[in-house]
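Convention: sequence-line order gives letters A, B, ...; per-chain numbering from 1.
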Protein chains: 2
Amino acid sequence: MTLNPGFTGGTLDRADHLRTDDAALSAMRADASARVLLLEGLDPLTGEDGGIGWRPVVAADTAKDLLFLGLDAGEPRFAALEPSGPRSGSMAVLQLLHRLPAAQVALYAAARSLVDWHYRHGFCARCGASTVVFRGGWGRRCDSCKAEHFPRVDPVVIMLAEHGDRVLLGRQPQFPPRMYSALAGFIEPGESLEEAVARELHEEAGVRALSVRYVLSQPWPFPSSLMIGCIAPVEHDLIRLDTNELQDAIWLSREEVRAVLRGEPGARIMTPPPLAIAHSLLQAWAAD
Amino acid sequence: MTLNPGFTGGTLDRADHLRTDDAALSAMRADASARVLLLEGLDPLTGEDGGIGWRPVVAADTAKDLLFLGLDAGEPRFAALEPSGPRSGSMAVLQLLHRLPAAQVALYAAARSLVDWHYRHGFCARCGASTVVFRGGWGRRCDSCKAEHFPRVDPVVIMLAEHGDRVLLGRQPQFPPRMYSALAGFIEPGESLEEAVARELHEEAGVRALSVRYVLSQPWPFPSSLMIGCIAPVEHDLIRLDTNELQDAIWLSREEVRAVLRGEPGARIMTPPPLAIAHSLLQAWAAD
């Protein structure tokens, strides 16, 4: 089956070679077709057509606060760092994003992660001095100690433990009622993704992975994760729950998962919405 | 074939639940079986048996500078942050690491990335204040703005473009003579790993990926990457080189790759050594 994980399918040309070309950046800012993403804090504002909104570049957009997102059919696209105003966003944007075309959702995801990274990294982690934007918005430089800092992407494994014809889903205390999802955790220094899958399954549910099969990946812009979706056959189905992480964990059969994905009223649980990789991962497994 | 990518195969129990348990951390530091990794800067020092060296915990090891690596058959293992002394390492350690068992190499990789992260992140990126170690060494906390910071892992895609029965290898100017490797690049915010593979292949070599197949992953502790190895069939074999990134790129047939991996004197090129994922990726492709 064809999977279209959430936040993928972007069509912007990131044009990496232009990020270090100051003359090209200046020319693009002055281009009549240049547009700046409309944000309120980190949330998108919609335009007249109901899609992601844009505005022209204005005099108040200083070079140092415009981040070059890329080219849309040759037309420059930017996001702006606001000197004041909110620097946060809401998960309620998912409601809007679910209605938008994939390319717009992907573009917003990249912009949101990048803008948020700047807001949370104004200072040099090496020496504590303040830093400035460079590389057209794809880095910050410390003029004091000369360190260069780049936008952070945190790799996360998210996985279905599989035993016979069933998969393991877990529930965190803060989830909405009846919602269960795949187990997940950050990959740590010194681990392969397969090792991180095995460690997390053992830590959170006490199950031992026999092997790990990569399935799909997606970015998750809250704030900036790379979600790596896997399926791992495990050696037994006895759950030993880490109650600091999970409130409950259950095994679901393929038929039960299919009923959940069809949204049947009598389905045993609810899953995360289609933009979440857990949804795509369950779709992939259910279609097997 | 069974692949054993470099820096994987660790056997230490990271015992995540103990990191936040101050009483347990104190008891482990005082345990007679506790050991601290011997480092000179970021390089490992060998013990009497020629393996990774260890020393007992001493009075000068303050709680705040001991990082809890995990348990080795129940025995606590730490790395120490040195208040003074070198904070750098040498790539020459690869010569030593090639001779050590996988579990020791993996343990060193995790410790090196963690120690180095602390050295480069003494200050809060959000407010510029100095930060302190918490979570047994797996984080830094800002007592000024209350931000929490966690060790960074940078996901990197490394891939073989494939056309017919040949794969594409590139050469960076700083490589040793005759060495070629798989193309690679950092995954950016807002990308899936498949999208990053396609972008990098197009940017660096002008080839268009038709699909992307995940093969294997490994950590790379210089300083802290997650290497994600893929193979991507591409639509044509015409190379358009980005000469800012690569000095040369060539197509190698499966027979040529096999000769290179066997180390034949007449082989067309040299590849990175076995600890590098490019080596394992070529092995996987050559065995297909």
**Q.** Ion pair check, B/R135 and B/D16, cut-off under 4.0 Å
**A.** yes
**Q.** Contact leader toward chain A among B/E195, B/E245, B/R112, B/H202, where contacts are heavy-atom pairs under 4.5 Å
**A.** B/E195
(Q) One thing to verify: whether B/E203 and B/R199 come together as a salt bridge, which I'm taking to mean a side-chain N less than 4.0 angstrom from a carboxylate O. (A) yes
(Q) If I measure from the heavy atoms of chain B, does A/L226 come under 4.5 Å with its side chain, its backbone, both, or neither? (A) side chain
Q) Of the backbone (N, CA, C, O) and the side chain (C-beta and beyond), which part of B/P151 lies under 4.5 Å from a heavy atom of chain A, both, or neither? A) both
**Q.** B/D43 with B/R87: basic N within carboxylate O range, under 4.0 Å
**A.** no
Q: May I ask you to decide whether A/E200 forms a salt bridge with A/R208, counting only side-chain N to carboxylate O separations under 4.0 Å?
A: no
Q) What part of B/E194 lies closer than 4.5 angstrom to a heavy atom of chain A: side chain, backbone, both or neither? A) both
**Q.** Which atoms of B/L107 approach chain A - backbone, side chain, both or neither, heavy atom under 4.5 Å
**A.** neither
Q) Side chain, backbone, both or neither: which part of A/T8 has a non-hydrogen atom closer than 4.5 Å to chain B? A) both
Q) Should B/D143 and B/R141 count as an ion pair when the cut-off is N to O under 4.0 Å? A) yes
Q: Against chain A, label B/R140 side chain, backbone, both or neither, depending on which of its atoms sit under 4.5 Å from a heavy atom there.
A: neither
**Q.** Proximity breakdown for A/E191 and chain B, heavy-atom pairs closer than 4.5 Å
**A.** both
**Q.** Output field: ring centroids B/F150/B/W138 closer than 6.0 Å
**A.** no
Q: Under 4.5 Å heavy-atom distance to chain A, tell me which part of B/I187 shows up: side chain, backbone, both or neither.
A: both
